[in-house]
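As structure tokens, the structure follows; a few thoughts come after it.
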Amino acid sequence: MGSSSPSPSPPPAPPQSSAPARGASNASLRWQILRRALLARSAASRASDGTTNDQQKIGDTNKISRKASRGFNLIECHVVPVSQLHKSQGNSLNGNGVECQKDVYVRYKLPCGGSPELNVMYRKDDSVELNDIEASNRYNIDTTGLVCCWPSEEVLAFYCINHSDMFRSKRVLELGSGYGLAGLVIAASANANEVVISDGNPQVVGYIQKNISINAETFDRTKVKSMTLHWDQEQPSEMFNSFDIIVASDCTFFKQFHRSLARVVKSLLKHSEASQAIFMSPKRGDSLNKFLEIIKEYGLRYELIENYDPTVWNLHKKYARGDDRSWPNYNEEHCYPLLVRITFGHFV
């Protein structure tokens, strides 16, 4: 999202937000979460607050989920104990500036030929840190890529699995990828030539690189790499018009990034009628429509598709009607991603 993809605490779904304690607003509880992070390294500070008081605050703030929705649960997955992943991966889990004690690992079983598996590292729930805020200010980025694997990324990954032929022997770029689920899925299932998984937040890119490393054996001959790609900055000239397909999920939320995002798509996508960008984006008020207006200003064509997959569509209708109450805060405007195809030429 923005210069980092929202992305999708990972499945299994985190607990739903519940009503905060009397007299405390959601906003104040979120500030308490931040306060706890800032004081985490100071035992003396924690002690000065009083154990009973802190325990009550922790109980309240734990009611506030960092993810507002549960996801469509389209890809079978389960949490893998860190010890088990350490045993199977050995030293590949060390380094890259990512601290394993703050992370959770989710194993995805992809619904495609051979049922390949992916291990994806996510930041744990409720682990906001001071350096997250510092990075946001320093690099002019949002931090949504550190929050979770957002529903739109899950849908994008599922869509890419079901349309893997379009990526065969192609050079693919994921923008604002967050933890990189969609890019990793393409690399593991589509026989692409190369997959570049990018985000504007260097902290997030550290997770992407870790996820690439621990899944290297799953990619066969597909080249996979991570990169820090800030939409407001000039890209290396060798990247211009070099990608056959660009994918992104929930990257149109922040209107201040719309022009930069459109410029990046136009400059990095190959000037060919066969090239295309595939975006999965909820409406989010008028945000998506505003982005599509800018796409036209940049001389690009787009196609907006509401019903692009029968499985996703049927789940969406059940949640919207209330037939399935497992996603009680489901809201079509914010939860259901529309498919946007962006091209230079006519649609075929």
Side-chain angles (χ1 to χ4, degrees), residues 5-17 62 65-90 92-94 98-127 145-162 164 177-190 197 204 207-220 224 249 280 309 311-312 314-315 318-319 324-330 335:
S5 165
S7 290
S9 44
Q16 298 295 326
S17 300
N62 281 344
S65 172
R66 298 168 63 226
K67 181 182 177 185
S69 49
R70 67 181 279 279
F72 290 87
N73 290 342
L74 296 164
I75 304 175
E76 179 184 343
C77 63
H78 62 276
V79 175
V80 177
V82 174
S83 58
Q84 179 180 337
L85 199 60
H86 268 288
K87 186 177 297 184
S88 62
Q89 298 293 335
S92 67
L93 287 177
N94 298 320
V98 180
E99 301 180 31
C100 293
Q101 66 267 26
K102 298 177 182 176
D103 305 324
V104 62
Y105 301 87
V106 176
R107 179 165 295 166
Y108 292 87
K109 185 175 182 180
L110 306 187
C112 55
S115 299
E117 293 183 340
L118 285 173
N119 294 307
V120 182
M121 174 194 293
Y122 296 94
R123 177 83 71 83
K124 285 181 179 178
D125 250 1
D126 191 15
S127 57
L146 288 171
V147 174
C148 61
C149 181
W150 297 85
S152 294
E153 173 118 355
E154 176 197 12
V155 173
L156 176 61
F158 185 73
Y159 179 86
C160 291
I161 290 171
N162 292 332
S164 59
S177 68
Y179 294 101
L181 178 62
L184 295 167
V185 162
I186 294 170
S189 65
I197 308 174
V204 176
Y207 278 92
I208 297 170
Q209 185 54 51
K210 182 71 73 171
N211 287 330
I212 291 172
S213 298
I214 63 180
N215 291 288
E217 295 182 359
T218 308
F219 302 143
D220 196 17
V224 190
S249 60
M280 289 287 182
D309 182 274
T311 299
V312 179
N314 288 336
L315 286 170
K318 287 181 180 179
Y319 295 138
D324 186 332
R325 299 185 180 277
S326 62
W327 194 341
N329 58 345
Y330 185 83
C335 298

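Note that the structure is a prediction, hence the values are computed from the model and not measured.
Between A187 and F219, the closest heavy-atom pair is CB-CD2, 3.5 Å. Smallest separation of non-hydrogen atoms from S115 and K109: CB-CE, 3.7 Å. Taking both residues in full, the closest heavy atoms of A182 and A157 are given as CA-CB, 4.0 Å, listed atom of the first, atom of the second, then distance. Across every non-hydrogen atom of G180 and E153, the tightest pair is C-OE2, 3.5 Å.
For the pair H78/V80, a side-chain contact is recorded, criterion being any heavy-atom separation below 4.5 Å from C-beta on. For the pair P151/W327, a side-chain contact is recorded, criterion being any heavy-atom separation below 4.5 Å from C-beta on.
From Y105, atom OH reaches atom CD1 of I214 across 6.5 Å, with rounding to the nearest 0.5 Å. One distance of note links OH of Y207 with CG of D103; it measures 3.5 Å at 0.5 Å rounding. With rounding to the nearest 0.5 angstrom, the CG atom of L315 is 13.0 Å from the SG atom of C335. Here the OG atom belonging to S326 is positioned 7.5 Å from the CG atom belonging to N73, to the nearest 0.5 angstrom. Once rounded to the nearest 0.5 Å, the distance linking CD1 of I197 with CD1 of I186 reads 8.0 Å. Taking OG of S189 as the reference point, atom CG of L184 lies at 10.5 Å (rounded to 0.5 Å).
Relative ring orientation between Y319 and Y330 is described as tilted, the plane-to-plane angle lying within the 30° to 60° band.
The backbone N or O of V312 lies less than 3.5 Å from a partner atom in the side chain of D309, making a donor-acceptor pair. In this structure a side-chain-to-backbone donor-acceptor pair under 3.5 Å is missing from E117 to R107.
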> Could you walk me through whether I75 and I161 pass the side chain to side chain contact (heavy atoms under 4.5 Å, CB included) check?
Replying inline: CA-CA 10 Å; I75 304 175; I161 290 171; 4.0 Å; yes

>> If you apply the rule side chain to side chain contact (heavy atoms under 4.5 Å, CB included), what do you find for Y122 with V120, and how did you get there?
In response: CA-CA 7 Å; Y122 296 94; V120 182; 3.6 Å; yes

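A side chain to side chain contact (heavy atoms under 4.5 Å, CB included) with L118 is found for one member of N211, L110, V106 and no other, namely L110.
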